Amino acid sequence: MPLTFTVDLEEHRPNETYSKRFPAIMRDILTFLEGRNVKATVFVLGKLAENDSGLIKEIADAGHEIGFHSYAHVHLNKDTAENFKQESHRSKAFMEDLTGQAIYGFRAPAFSLTRQSLWVQDVLQELGFSYSSSVLPANNPINGFPGAPAKPFLWSNGIIEIPAPLAKIGPLSMPYLGGIYLRYLPIFLINHFVEREPDQRSLWLYCHPHDFDHGESYYTIEGTSMLTSLLLWFNRKNTFNKIDQVMSEKLCRNSMPFIEAINAGKYEGLEVFNPGCEIP
Ligand SMILES: [Zn+2]
């Protein structure tokens with residue numbers, strides 16, 4: 001059973017007076033991965049790569065795949081195709097020069113590849129991406145794409161989409177293998193969902209440096225409510241331990257970055273998904 005370990009490398013600091021905490025945590029994540037001999041896919045925010053180029057180079061030099069997580073974390077439905085294209089073109093080239101490795105993968109900020117932002121597929125193709133891991137194929141209070149396939153598929157231009165693995169609890173579908181879901185759901189439930197995953201190719205875990213940062217003091221994250229910020233702030237102490245319990249020996253052995261899995265032919269024979277007309 002393969003599992004791709006992914007990190008969305010970003011930070012939520014409200015202003016420059018808050019010290020940067022993500023570099024030290026990212027290095028802890030690298031140590032955690034090294035101890036398990038796991039190579040990950042790390043989706044990096046372009047803005048962050050400009051200011052912390054040394055860290056990005058360290059990640060690439062350790063053998064992890066570098067992907068792109070947009071330039072400034074603007075949700076796609078709040079961006080324009082033109083602006084996204086310009087920023088992404090410049091930022092992708094910067095990171096490729098920096099690391100000496102081509103970037104093939106894209107992850108939209110907060111699963112914001114939805115019916116309202118289908119334009120992004122063509123821009124991704126123009127910019128030379130070959131896959132995306134940006135869709136939450138269900139209704140969701142922030143961003144979701146109900147009706148999109150729950151297993152990997154092709155956009156009509158040939159870009160591979162690897163959607164977030166979802167678990168159903170009553171009427172809710174949630175991406176149980178990452179972020180606050182992974183932090184709050186009990187481990188027996190997570191392992192239960194992993195075992196029941198219908199298409200094992202689509203199994204990927206996602207985390208951010210802040211998911212591990214139990215020493216950070218509380219602040220309200222820009223653009224979110226106090227309740228959301230509190231949920232994001234609590235329950236961080238046990239994250240490494242929790243992931244360790246999900247990453248069984250078997251999962252670690254079969255874990256590989258997305259691009260390696262694609263090149264190994266694990267995503268061949270996917271069906272094309274045509275989302276039809278846009279629903280406003
Ligand atoms: Zn993000």
Side-chain angles (χ1 to χ4, degrees), residues 4-14 18 20-23 25-26 29-30 40-52 55-56 59 64-79 83-84 87-88 91-92 94-95 103-114 116-117 120 123-124 127 129 131-138 140-145 161-166 174-184 204-213 216 219-225 228-233 235-236 239 243 257-258:
T4 299
F5 189 108
T6 76
V7 182
D8 294 353
L9 185 52
E10 63 193 44
E11 71 160 349
H12 297 298
R13 247 178 355 154
Y18 284 78
K20 270 186 204 175
R21 303 175 62 87
F22 70 87
I25 300 167
M26 188 62 227
I29 297 173
L30 292 178
T41 298
V42 182
F43 294 98
V44 179
L45 203 66
K47 214 172 178 177
L48 184 148
E50 287 172 2
N51 296 323
D52 290 272
L55 176 65
I56 310 312
I59 299 167
H64 303 289
E65 178 192 2
I66 301 291
F68 186 57
H69 191 39
S70 83
Y71 178 69
H73 217 269
V74 176
H75 293 202
L76 296 178
N77 50 349
K78 303 222 161 61
D79 207 348
N83 184 58
F84 176 83
E87 284 183 347
S88 302
S91 193
K92 178 173 179 278
F94 172 80
M95 282 202 263
I103 291 180
Y104 299 101
F106 172 69
R107 170 160 299 155
F111 299 118
S112 58
L113 205 174
T114 65
Q116 285 72 41
S117 51
V120 78
V123 183
L124 292 178
L127 296 178
F129 288 94
Y131 76 91
S132 152
S133 174
S134 306
V135 164
L136 196 168
N140 182 273
I142 302 169
N143 290 305
F145 199 143
E161 180 64 45
I162 311 167
L166 291 185
M174 59 180 80
Y176 65 99
L177 264 183
I180 58 171
Y181 303 96
L182 182 115
R183 272 158 47 198
Y184 283 88
W204 53 266
L205 181 153
Y206 71 96
C207 53
H208 317 82
H210 65 251
D211 286 317
F212 304 90
D213 190 1
E216 189 176 45
Y219 53 78
T220 303
I221 299 163
E222 200 190 329
T224 68
S225 65
T228 306
S229 292
L230 276 168
L231 276 171
L232 284 165
W233 180 61
N235 218 0
R236 297 175 167 186
T239 311
I243 291 179
F258 280 135

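Everything numeric in this text was worked out from a predicted model, so none of it was measured. Just the heavy atoms: all of them, side chains too, but no hydrogens, waters or symmetry mates, feed the values below. First listed ligand is number 1; within each ligand, the first listed atom is number 1.
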Please confirm whether the backbone N or O of His75 pairs with a side-chain atom of Ser112, one donor and one acceptor, at under 3.5 Å? no
Phe84 atom CZ, neighbour heavy-atom count above 12 within 6.0 Å: yes
Taking the side chain from Asn143 and the backbone from Ala110, do they hold a donor-acceptor pair closer than 3.5 Å? yes
Within a distance under 2.8 Å of the Zn ion (ligand 1), the protein atoms of type N, O or S are Glu10 OE1, His69 NE2, His73 NE2
With a 6.0 Å cut-off (strictly less than), is the heavy-atom count around NZ of Lys20, excluding the residue itself, greater than 12? yes
Please step through side-chain contact (heavy atoms from CB on, under 4.5 Å) for the pair Ile56 and Leu9, ending with a clear verdict. CA-CA 10 Å; Ile56 310 312; Leu9 185 52; 3.8 Å; yes
Which residue is it: Phe111, Phe258, Tyr181, Phe43? I am looking for the one with a ring-ring contact (aromatic ring centres under 6.0 Å, His included) to Tyr206. Phe111
